[in-house]
Every structure is written in structure tokens, then in C-alpha cells.
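Scroll down for the structure; my scribbles are underneath it.
Sequence positions, counted from 1, serve as the residue numbers for this chain.
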Amino acid sequence: MLEGTDQWTAGFEMGRLDQQLAALILRDRKVGLTIRSVNGEQAAAIARRHGYGLDLRPVEEPGHVWAVFSPEP
């Protein structure tokens, strides 16, 4: 469970992700960005709501993953 500043940071990051996916004009393309690994489940839920699948890949930065959002048919 996240506490204090971590909760705020998670909320901010996921709110920004929600806005970015909602604003995409070219929905037939993959979108990738780095997110904190603790937000993986929330990112997957947001992706589904906007019609995307999510693939998480490791990156060198500890505590983070590369999130690839792909349009679902």
C-alpha cells in the first residue's frame, strides 16, 4: 500500500495517463512511456477503459517500467 507522497505521486501519474490516452487522436498506433512499476495495475485498468492493451517491459531505472499501450480491435 502506498503512503503520503507516494499516493499523491501515483494519483498524479495515473491522472496524467488517463488524460493522455483520452486525448489521442490516432488511436491505431502504439503509445509508450515510462511509469512507476507500482502503478502497473492501475495503468492496465485505465488502458482498458480507453480501448488499449498494456504490455509492461523492464527498464534500467529502478522502480519503473516501460508501458506500451496498443489499440485493441
Side-chain angles (χ1 to χ4, degrees):
M1 182 168 172
L2 300 175
E3 296 181 15
T5 303
D6 287 338
Q7 287 179 336
W8 186 91
T9 302
F12 179 82
E13 183 177 65
M14 292 299 95
R16 185 182 63 194
L17 173 63
D18 188 46
Q19 289 176 338
Q20 288 172 323
L21 292 180
L24 284 176
I25 296 170
L26 300 173
R27 295 194 177 271
D28 61 338
R29 298 187 180 175
K30 291 182 180 183
V31 177
L33 61 130
T34 302
I35 63 171
R36 292 176 341 127
S37 54
V38 297
N39 292 332
E41 288 183 36
Q42 293 85 358
I46 292 168
R48 282 191 300 274
R49 187 169 74 229
H50 291 289
Y52 288 90
L54 174 61
D55 179 31
L56 299 175
R57 301 172 187 175
V59 294
E60 291 181 17
E61 187 175 356
H64 291 76
V65 292
W66 181 248
V68 178
F69 300 89
S70 301
E72 300 229 322

For Tyr52 against Glu72, the heavy-atom pair lying closest together: C-CG, 3.5 Å
Go through it in stages, so that I can follow the logic: the residues are Lys30 and Asp55, the test is side chain to side chain contact (heavy atoms under 4.5 Å, CB included), and I'd like the CA-CA distance, side-chain angles, deciding distance and then a yes or no. CA-CA 11 Å; Lys30 291 182 180 183; Asp55 179 31; over 6 Å; no
Leu21 and Ala47: which non-hydrogen atoms are nearest, and at how many Å? CD1-CA, 4.0 Å
If you look at every heavy atom in Glu13 and Thr34, which pair is closest and at what distance? OE2-O, 4.3 Å
For the atom pair CH2 (Trp66) and CD1 (Ile35), what is the distance rounded to the nearest 0.5 Å? 10.5 Å
Gln20 vs Val31 side-chain heavy atoms within contact, under 4.5 Å: no
Drop me the distance from Arg36's CZ to Asp6's CG, to the nearest 0.5 angstrom. 5.5 Å
After noting the C-alpha distance and the side-chain angles of Leu54 and Ile46, does the key distance pass the side chain to side chain contact (heavy atoms under 4.5 Å, CB included) rule? CA-CA 10 Å; Leu54 174 61; Ile46 292 168; over 6 Å; no
Side-chain heavy atoms nearer than 4.5 Å, only ILVMFWY residues, links allowed to pass through others: does that put Met14 and Phe69 together? yes
Keeping the roles fixed (side chain from Ser37, backbone from Gly63), state whether a donor-acceptor pair exists under 3.5 Å. yes
If every non-hydrogen atom of Leu56 is compared with every non-hydrogen atom of Gly40, which pair is closest and at what distance? CD1-CA, 4.0 Å
